[in-house]
Q: 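Before I ask anything, here is the structure I am working with.
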Number of protein chains: 2
Amino acid sequence: MKPKLNDVAKLAGVSATTVSRVINNHGYLSSQTKEKVFAAMRELHYQPNNMARSLQGKNTRLIGVIFSDISNPFFGEMVSRIEKILFAKNYKVILCNSADDPQKERDYLQMLMANQVDGIIAGAHNLGIEEYQQYGLPIISFDRYLSDNIPIVSSDNYQGGWLATQTLHQAGATNVAIFTGKSHAGSPTNGRREGYEAYLTAQQLTPHVHELPFELTPALKMMEIKTIMTQHQYDGIFCSDDLTALLVLNVARQLSLTVPEQLRVVGYDGTALIRDYHSELTTVEQPLADISTLLVSLLLQRIEDANCTLESKYTLPVNLIKGLTA
Amino acid sequence: MKPKLNDVAKLAGVSATTVSRVINNHGYLSSQTKEKVFAAMRELHYQPNNMARSLQGKNTRLIGVIFSDISNPFFGEMVSRIEKILFAKNYKVILCNSADDPQKERDYLQMLMANQVDGIIAGAHNLGIEEYQQYGLPIISFDRYLSDNIPIVSSDNYQGGWLATQTLHQAGATNVAIFTGKSHAGSPTNGRREGYEAYLTAQQLTPHVHELPFELTPALKMMEIKTIMTQHQYDGIFCSDDLTALLVLNVARQLSLTVPEQLRVVGYDGTALIRDYHSELTTVEQPLADISTLLVSLLLQRIEDANCTLESKYTLPVNLIKGLTA
DNA sequence: ACCAATATGTCAATCGTTTGACATTTTTAT
DNA sequence: ATAAAAATGTCAAACGATTGACATATTGGT
C-alpha cells in the first residue's frame, strides 16, 4: 500500500504529529528534524492524502472549469491558459465539457460539488440562473450573465462588433452582413451584433443579420453559407467567430469571389491558432491572456475571502488584427 | 455550511445509517424510505462528500490526463473525447498541460498521487521511465514507450509514414522530403519517418529528412521552412503533423508554387478541425475516436483489476484522407 | 399464531491527516 | 544559575461517510 504519514514518522524516528507539523510548517521545528522527515518522505515517495487533508477543512485546491467543448480552439486555448495559471498557484483543474447540454452541465455542477472544489470558472451557459446560485460556491463567469452575485468577465463585444463592421466599411464594403449564432438571452454574441447594427445605422446602412444554428456541423454550415452568399450579393461579411470566417473564405473561393476586392471578411476571436496559421484573416482579437488571468484572479479573491466585493462586470478591450481579408 | 449526511437523516426522520444505505443501495430498504431520503437530499441540495467517501477506500473516480498542451488541436480533440467517454462512465478528469516541461510533468505526477487519482492517461513524455514506474498506479500511455508494464496505445505510425510517402509518390513526386520533429528515443514520429524512408528506399529514391525543432514558434518554423524550400526543389513534402503542413502550404503560396502540380503535400493527424476547415489537405488520419476509446477502456480494465493482463502495445490502423494537395 | 423475510435503528470502528492541549526535554541568552 | 525560548512528544478529538455487528420492529405467508 501507499505509505502514510505514520510510516514516514516511523522511518524518520519521530512522532506523527511532528511529521504533520513539518508538512504544514506549524509550530517549532529544528532544521535537522525537518531534514530527517523530508528524507523519509522522499525515501518512501510519500504524498500526503489530499482527501484526508481536505476533511479537516483544508481547501482541496481543485477548481472546476466548465466550457462547452475544448476541441473548439478558442476554448482549448482559454482552458489551456487557465490551467497553466492555476497550476502555477498550486490549483488543479477538473475539466468539464458541457457539450452545450444543459443536463450534462447540471450533472457537472453536482459532481463538482461532491468533489468539494474550491470554486468554478463557468464558460458554458445553458442552465437557468437559479441552478448556479443555489450552490454557495465562488463562481466566475466568462462572457455571460448568470446571476447578480456572479461576476462576469468578458471582452468588449459591442466595441468588437462596431470595430469589425467599421473595418469592413472602411475597406469599401457597403452591403455588409453579419453571420452569428442564435441570439440567446445574455449571449455574448448579442453584443457583437448590436455593435454591428449600431455602426451600420450610424452610417445609414442596412444591417443584414443571418443566424446560423449553433448545432450545425461545419459542412452543413458551409452549405447554408453558400446558399446565403449566392442569394445575396454581400461585399462585406462579419463573422462572429473565426471558424465561420474560414468557412466564408472557403465558399468565396468556390464562388470565385476575390477577397478583399469583391468580398471583405472579418472574423472574431483571434486565437493563437488563427494568428499563426491564418494570418491572412482580419479579425477582432479577444485578449485571451488577460481574460484568463482575470478570471483566475477574481476567483482566487473570492475563494480567499468569500465576502470580498467584486464588480459585477469586467469588460476588457478588444484589438483589431489587420490581415488581408478586409 | 453544506448539508451533511446527518442533516439529511434528521430531515428525513431516519438514521444516518439508513441514509448511507440509501445512497449506496446497501441492505434492505423500503421504497417509501428511499423516497423520503431522496426528497430530503433534494430539498437540502445534498451532495455526499467524495473526500470522505474515498477515505473508506472507495475510488475517487478521478483520472489524471497529462498532455503537452490542449491548445494544440490534436491534443484538444483527444482530451475532449477522453473526457466525454470518462464522464459517461462517471469518472472526472484532472487536466494536466505538461507544456513539454519535465519538471512540470513530475510535479503533476506527484499532485495526481496526492489527489488519489484512480489512474492516469499519459500523452506527454519527457520523464525517464523510472518516474512513471515508481508509482504503483494504473497508467496507459499514448504513443510512447514508458515502461514494460505500461501499455501503449498508438496508431500505426510506420504504416502512416509509408502511406503518406506512397501517396506523394503516386501523385507524381520523386524528390520527396519529410518535415518532422526532433527524433527522440521512443518518439512516435520516428515510426512515421521510418515508414517514409522504407517506402522511398523500396522505390530506389533518396530520403531527405528535415528536423524542425519542436519549440519553434509557428512564425519561426515558417521561416525555416521557407529557407529549406528555396534551397531544395522538392516536389513532395510529407509533414509529420497537419499544422506544419499548413505552414508549408502557406510558404508554397508565397513562393508561387502550384499545389499539387509543382508541389505535393501530405499532412498527418487528420483532426476534425483539419477535416472541417482544411478539406483540401491530403493527410493521414489517426483514428482519434478509437484511440480515445481504447485508452479509456484499457485504463478502466486496469483499475478494476490491477492484475489483468494487457498487451504491451496496441496499434490501430490509420486512414488516408484524400484531399487536393496530393 | 409462528417463522422468515424485510425494514430500520444503535453503536462503534475505520479511513489518513490535522490540530489543540499539555507535558517534557533541550538549547540559548543573560 | 536560571528563566525563557525552542524542540519534540503523547493523546485525543475532530473531519464526513461507510460498514459490520447486533438488536428490534414490522410485514406477509401459511
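Note on naming: letters A, B, ... go to the chains in the order of the sequence lines (proteins, then strands), and numbering restarts at 1 for each one.
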Q: With a cut-off of less than 4.0 Å, is there a side-chain N or O of A:Arg53 near OP1 or OP2 of C:dT17?
A: no
Q: Can you tell me which residue pairs pass the ring pair (Phe, Tyr, Trp, His ring centres under 6.0 Å) test with a partner in residues 3-28 of chain B, sequence neighbours excluded?
A: none
Q: Can you pull out every salt bridge (Lys or Arg N to Asp or Glu O under 4.0 Å) where at least one residue sits in residues 29-48 of chain A? Sequence neighbours excluded, please.
A: A:Glu35-A:Arg42
Q: For residues 52-92 of chain B, pull every pair meeting ring pair (Phe, Tyr, Trp, His ring centres under 6.0 Å), keeping only residues two or more places apart or in separate chains.
A: A:Tyr108-B:Phe87, B:Phe67-B:Phe75
Q: Among residues at least two apart in sequence or on other chains, which ones pass side chain to side chain contact (heavy atoms under 4.5 Å, CB included) with B:Pro151?
A: B:Ile140, B:Arg302, B:Leu310, B:Tyr314
Q: Please enumerate all residues that pass side chain to side chain contact (heavy atoms under 4.5 Å, CB included) together with B:Ser15, with sequence neighbours excluded.
A: B:Thr17, B:Thr18
Q: Mind checking what makes side chain to side chain contact (heavy atoms under 4.5 Å, CB included) contact with A:Leu62, not counting sequence neighbours?
A: A:Thr60, A:Lys92, A:Ile94, A:Val117, B:Met51, B:Ile94, B:Asn115
Q: Just the table, please: protein N/O against nucleotides 24-30 of chain C N/O, every pair under 3.5 Å.
A:
none

Q: Any protein N or O atoms within reach of nucleotides 6-9 of chain C? Criterion: under 3.5 Å, listing atom names and distances.
A:
unit_1: C:dT6; atom_1: OP2; unit_2: B:Tyr28; atom_2: OH; d: 3.3
unit_1: C:dT8; atom_1: OP1; unit_2: B:Ser30; atom_2: OG; d: 2.8
unit_1: C:dT8; atom_1: OP1; unit_2: B:Thr33; atom_2: OG1; d: 2.0
unit_1: C:dT8; atom_1: OP2; unit_2: B:Ser30; atom_2: N; d: 2.7
unit_1: C:dT8; atom_1: OP2; unit_2: B:Ser30; atom_2: OG; d: 3.0
unit_1: C:dT8; atom_1: OP2; unit_2: B:Thr33; atom_2: OG1; d: 2.7
unit_1: C:dG9; atom_1: OP1; unit_2: B:Ser15; atom_2: N; d: 3.3
unit_1: C:dG9; atom_1: OP2; unit_2: B:Ser15; atom_2: N; d: 3.0
unit_1: C:dG9; atom_1: OP2; unit_2: B:Ser15; atom_2: OG; d: 3.2
unit_1: C:dG9; atom_1: OP2; unit_2: B:Thr18; atom_2: OG1; d: 2.3
unit_1: C:dG9; atom_1: N7; unit_2: B:Arg21; atom_2: NH1; d: 3.4
unit_1: C:dG9; atom_1: O6; unit_2: B:Arg21; atom_2: NH2; d: 3.1

Q: Heavy atoms of chain B, cut-off under 4.0 Å: which first and last nucleotide of DNA chain D, 5' to 3', fall inside that, if you could look?
A: D:dG16 to D:dA21
Q: Considering just the side-chain nitrogens and oxygens of A:Asn49, establish if one lies under 4.0 Å of OP1 or OP2 belonging to C:dT17.
A: no
Q: Just the rounded figure in Å: distance from P of C:dG20 to CG of A:Asn24.
A: 11 Å
Q: Among residues at least two apart in sequence or on other chains, which ones pass side chain to side chain contact (heavy atoms under 4.5 Å, CB included) with B:Ser30?
A: B:Gln32, B:Thr33
Q: Give a yes or no on whether the backbone of B:Gln110 and the side-chain of A:Gln47 come within a donor-acceptor separation of less than 3.5 Å.
A: yes
Q: Rounded to whole Å, please give me the gap between CG in A:Asn50 and P in C:dC15.
A: 19 Å
Q: Sequence neighbours left out, what pairs pass salt bridge (Lys or Arg N to Asp or Glu O under 4.0 Å) with at least one residue falling in residues 56-81 of chain B?
A: A:Lys84-B:Asp69, B:Glu77-B:Arg81
Q: Could you tabulate the donor-acceptor pairs under 3.5 Å formed by side-chain atoms of residues 1-14 of chain B, not counting sequence neighbours?
A:
unit_1: B:Asp7; atom_1: OD2; unit_2: B:Lys4; atom_2: N; d: 2.8

